Amino acid sequence: MLNFLCEAGNVGWTIALGVLIALMVVYLILGTINRKKNQEQVTKMLSELKAGDKVVTNAGIYGEIVSQKETNMGRVVTIKTGEESGKPSYITVNSQVILGIDQKQDLLLDENGNVIEPEEAKKDVLKGTEKVEEKKEEEKPQEEPKEEVKEETEKKEKKASKKNNFQKDIKKAK
């Protein structure tokens, strides 16, 4: 069979087949290395879990670890998933279904409703505080009204109150 592959017309096919086999071997080796690395990370994360950690499961359940214990089936974790009408709800699962530590963050939106990165939001906040500080510096406290202006306003207020009292007296007389 080796003679058949090495004949003059089949040399191109032989090279293509050799390259294909080499690529498959490289793909399998790299895939194995990546799988081992990922498995080590998951094992490390699962071994470092402790009560109080917020986690998410493969099923998409978010919660907080309440307790852990070893069983003959592996490590079992009790997760507090929330509270409804004052009563907490719990779920007990095998630790292998924990996908990872919950790292969700609230989305930050700009005035148009577009999602912005936290770093950009910090910059915008800093720019806003600089503008406010500049405005405060520009605004000067108003001067106290002069004595004459105060006296005039007091006189006007007295006249207005006398007029109101006079009108009330007229209405009572009628």
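Predicted, not measured: the structure shown is a model, and the values here were computed from it.
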* **Pairwise distance NZ(Lys37) to CD(Gln41) - rounded to 0.5 angstrom** => 7.0 Å

* **Exercise: identify the closest heavy-atom pair between Thr32 and Leu28** => OG1-O, 2.7 Å

* Asked: Which distance, rounded to the nearest 0.5 Å, do you find between the CD1 of Ile79 and the CD1 of Ile61?
  -> 7.5 Å

* To do: Using the rule that two of Ile, Leu, Val, Met, Phe, Trp, Tyr join whenever any of their side-chain heavy atoms come within less than 4.5 Å, decide whether Val25 and Ile33 are in one cluster.
  => yes

* Can you measure from CD1 (Ile29) to CE (Met24) and round to the nearest 0.5 angstrom? => 12.0 Å

* To do: Rounded to the nearest 0.5 Å, what's the gap from OG on Ser89 to CD on Glu84? Could you check?
  => 7.5 Å

* State the CG-NZ distance between Asn34 and Lys36, to the nearest 0.5 angstrom. => 11.5 Å

* Asked: For atom CD of Glu70, is the number of surrounding heavy atoms from other residues, nucleotides or ligands below 6.0 Å larger than 12?
  -> yes

* For Thr78 and Ile65, run side-chain contact (heavy atoms from CB on, under 4.5 Å): C-alpha distance rounded to whole Å, both residues' side-chain angles, the deciding distance at 0.1 Å, then the answer. => CA-CA 6 Å; Thr78 302; Ile65 294 178; over 6 Å; no

* Return the minimal non-hydrogen interatomic distance between Lys80 and Pro88, and the atom names on each side. => CE-CB, 3.8 Å

* To do: Keeping the roles fixed (side chain from Asn38, backbone from Arg35), state whether a donor-acceptor pair exists under 3.5 Å.
  => no

* **side-chain hydrogen bond (donor to acceptor under 3.5 Å, both in side chains) contacts touching residues 56-65 (sequence neighbours left out)** => none

* Asked: Among the clusters formed by ILVMFWY side chains lying less than 4.5 Å apart, do Val56 and Leu49 turn up in the same one?
  -> no

* **Closest contact, heavy atoms only, Val77 versus Gln68** => CG2-CG, 4.2 Å

* Structure fact -> Taking every heavy atom of Ser47 against every heavy atom of Lys44, the minimum-distance pair comes out as OG-O, 2.8 Å

* Structure fact -> Between the CE atom in Met45 and the CD1 atom in Ile101, the distance rounded to the nearest 0.5 Å is 6.0 Å

* To do: Start with the C-alpha gap between Val93 and Val76, add the side-chain angles, then the distance that decides, and say whether side-chain contact (heavy atoms from CB on, under 4.5 Å) holds.
  => CA-CA 6 Å; Val93 296; Val76 177; over 6 Å; no

* Is it the case that one hydrophobic cluster holds both Val66 and Leu46, taking links as side-chain heavy atoms less than 4.5 Å apart, direct or via other members? -> no

* To do: Quickly, which of Val19, Ile21, Ile15 forms a side-chain contact (heavy atoms from CB on, under 4.5 Å) with Leu17? Name it, please.
  => Ile21

